[in-house]
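See below for the structure under consideration.
Counting from 1, the numbers follow the sequence of the chain as shown. This is a predicted model, so every value here is computed, not measured.
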Amino acid sequence: MREILGSYFKWKIAVFLLMFAIVTVVTAVNFFYGERSALTVFPAASETIDVKYLQVFEVVEPDMALARAGNERDIVFDRDAIDVLLVGEGANYYDKQRIDVPDGKKVRRVGTYKKYGKTLPAVRIE
C-alpha cells in the first residue's frame, strides 16, 4: 500500500511540475514575442471615412486615441460605428471625449494600427 501511495504522489508532483513549466514557457513567449501595438503610416493620406461623430474610449498617447466613429449622435447605439485610432498633431485627447467632425472637414485614413489582435484604421480630421 505504501508503495502505491508513494508512486501516486510522485505522479501528482510530476504532473504539477510539468503544468507549471508549460505555463511558464507560454507566459515567457507571450511576453517577449507577443503582439505589440504598431502604427503604420501611409506615405500619402488615403480614402475618407464618412462619419460625423467620434467618441474616445482610450488615450494611447496625448495626441493619439482609440475612438468609436459613427454617424449617430449617440455612438453607443450606432450599429455601423467602427473603432479607429484618431491621430491629431498637438491634440490632447481624454477618455470619453466626444468630437463632432466640423462642417467642411473629413475623417481621412492615414494608416493602420494593430492592437489586441485587431487592425484598425488610423485616421485624422482634415
Exercise. In terms of hydrophobic clustering (I, L, V, M, F, W, Y; side-chain heavy atoms under 4.5 Å; direct or indirect links), are Ile82 and Tyr93 co-clustered?
Worked result: yes

For this session: List the steps, then state whether salt bridge (charged side-chain N to carboxylate O under 4.0 Å, His left out) holds for Glu58 with Lys115.
Result: CA-CA 12 Å; Glu58 181 183 339; Lys115 186 166 183 172; 2.8 Å; yes

Seminar exercise, completed: In short, Arg109 meets Phe42 closest at the heavy-atom pair NH2-CZ, 3.7 Å

Exercise. Is there a donor-acceptor pair closer than 3.5 Å between any side-chain N or O of Asn71 and the backbone N or O of Lys52?
Worked result: yes

Problem set entry | salt bridge (charged side-chain N to carboxylate O under 4.0 Å, His left out) between Glu126 and Arg108, intermediate numbers included | CA-CA 7 Å; Glu126 298 179 336; Arg108 186 168 301 277; 3.0 Å; yes

Exercise. Is there side-chain contact between Asp63 and Val87, with heavy atoms separated by less than 4.5 Å?
Worked result: no

Problem set entry | Pi-cation contact, Tyr53 with Arg98 (under 6.0 Å, within 45°) | yes

Exercise. Do Ile99 and Leu86 have side-chain heavy atoms sitting under 4.5 Å apart?
Worked result: yes

Seminar exercise, completed: Distance col, row Ile125:CD1 vs Thr48:OG1, nearest 0.5 angstrom, shows 13.0 Å

For this session: Carefully, step by step, assess Val84 and Val123 under the rule side chain to side chain contact (heavy atoms under 4.5 Å, CB included).
Result: CA-CA 7 Å; Val84 298; Val123 299; 3.8 Å; yes

Exercise. Is any side-chain heavy atom of Leu85 closer than 4.5 Å to a side-chain heavy atom of Met64?
Worked result: yes

Exercise. Does the side chain of Leu66 reach to within under 4.5 Å of the side chain of Asp83, using non-hydrogen atoms?
Worked result: no

Exercise. Can you check side chain to side chain contact (heavy atoms under 4.5 Å, CB included) on Thr40 and Tyr113, steps first, answer last?
Worked result: CA-CA 6 Å; Thr40 303; Tyr113 182 70; over 6 Å; no

